[in-house]
Every structure is written in C-alpha cells, then in structure tokens.
Amino acid sequence: MSNFLHLKYEKSISVTKALTVRFLTKRFIGEYASNFESIYNKHLCLERKQLNLEIYDPCSQTQKAKFSLTSELHWADGFVIVYDISDRSSFAFAKALIYRIREPQTSHCKRAVESAMFLVGNKRDLCHMREVGWEEGQKLALDNRCQFCELSAAEQSLEVEMMFIRIIKDILINFKLKEKRRPSGSKSMAKLINNVFGKRRKSV
C-alpha cells in the first residue's frame, strides 16, 4: 500500500523549481520562467513504505501569491517555505506566509494535526551578498514550529535531498498521529451499541 503525500512550495519560483529539480533529477538549472504553476510527482521508498509524492510549485508573481491559501491548507500535508538569503524582501514574504499558515484556523478548515513545515534559506553559496542572518531564519523557524536549514541548490545536491527526506518523515509522523486520534470503526460501533442499549436498560 502506498501513501500519497502533498507538498506545497511558496516563494520565488526560480528558487523553488531549482530545489525541486535538484531533488528529482540531481541536476541544477538556474533560470526558470516565473509566470506558471507546476506539479511534480515522484515515487519513492522510505522506511519500507512506498510513497507517492506530489509537489505543487505555485506561480511566484506577488499578485497571484496573495495569502488566501485556503485550498492549500486543506490540500497540503506539508509546506516548504523558501527565501533567498541575499534578498531581505524574500525573507519578509516568507515570514508572512508562515504566519498565514500557522494562524488560528477557522472551524471549516481546521486540521487535526498541524501541517509539517520547513523553512529554507537558499543561495548559501552567496554568503558574501547575505542580507538575512542564519540566526534570523533559525528564530523564525523555532517561533513557528518549523524545521530550518540553509543550503545552496546550486552546489549542495545531498543537502537538498536530505531536506526533502526530513519533511517527508515529519509528514509520516503526522499521519501516525492522525491515525491514533481517529477512533477505529470497531471501537466507534461498540460505543454506539453501548449507548443505545445502555439507554434501553435505563428506560426498562
């Protein structure tokens, strides 16, 4: 039996596509168009489980990336929030996205378990142009219950793969928590029968 995992990306599409393509193909491509969405699929085996991973990479244009996210909060099992360490405005946008995802949810879109989230500072190879400190990224992640790392999609293929593996493991842990919190069919039926016959006994 295979599990279907949904990951959603946010932020600059040239950044996120670079990470996704690195993970899927081990290749690095530096330039991408930024006016279209992409969905990637990958089959993998992890911890003896067959997994189908679907990665949604949205259009990066700010107007189309407003913070509605309502459908994504339902759809996504995990979020990868990416910013460019050499661009402070991208960090500010990443922070706003994290706040939107972590804000108290209304009853109609409330999740049983909080979504897995990974904050990624990309372009670590451009440290000489850094505008966002490592400590800032780490604090934002800790304050909002995210995992965090800095890496370079251009130079660190292994680190990119490990980042994906870490969030996939977090998603699998969340699946287990959901199963524990969901009453089994037999227990629910037993409880229903007990309630019905218990009421009958009292009325007799």
Residues, nucleotides or ligands: over 12 heavy atoms within 6.0 Å of K42 NZ: yes
I need the L126 CG to E155 CD distance, nearest 0.5 Å. 8.5 Å
Lys/Arg N to Asp/Glu carboxylate O, E136 vs K95, below 4.0 Å: no
N/O donor-acceptor pair under 3.5 Å between Q156 side chain and S152 backbone: yes
Between the main-chain N or O of R124 and the side-chain N or O of E150, is there a donor-acceptor pair closer than 3.5 Å? no
Donor-acceptor pair, distance only, cut-off 3.5 Å: does the side chain of R102 make one with the backbone of R145? yes
Non-neighbouring partners of E159 that pass salt bridge (Lys or Arg N to Asp or Glu O under 4.0 Å), sequence neighbours left out: none
Under the side chain to side chain donor-acceptor pair (under 3.5 Å) rule, collect the residues that match up with S157, sequence neighbours excluded. none
Is there side-chain contact between F23 and L53, with at least one heavy-atom pair below 4.5 Å? yes
Give a yes or no on whether the backbone of E114 and the side-chain of N174 come within a donor-acceptor separation of less than 3.5 Å. yes
Applying salt bridge (Lys or Arg N to Asp or Glu O under 4.0 Å), can you list everything that pairs with R166, at least two apart in sequence or on another chain? none
Establish whether I165 and V80 are linked, either directly or via other cluster members, by ILVMFWY side-chain heavy-atom contacts under 4.5 Å. yes
Are the side chain of R22 and the backbone of A154 linked by a donor-acceptor contact shorter than 3.5 Å? yes
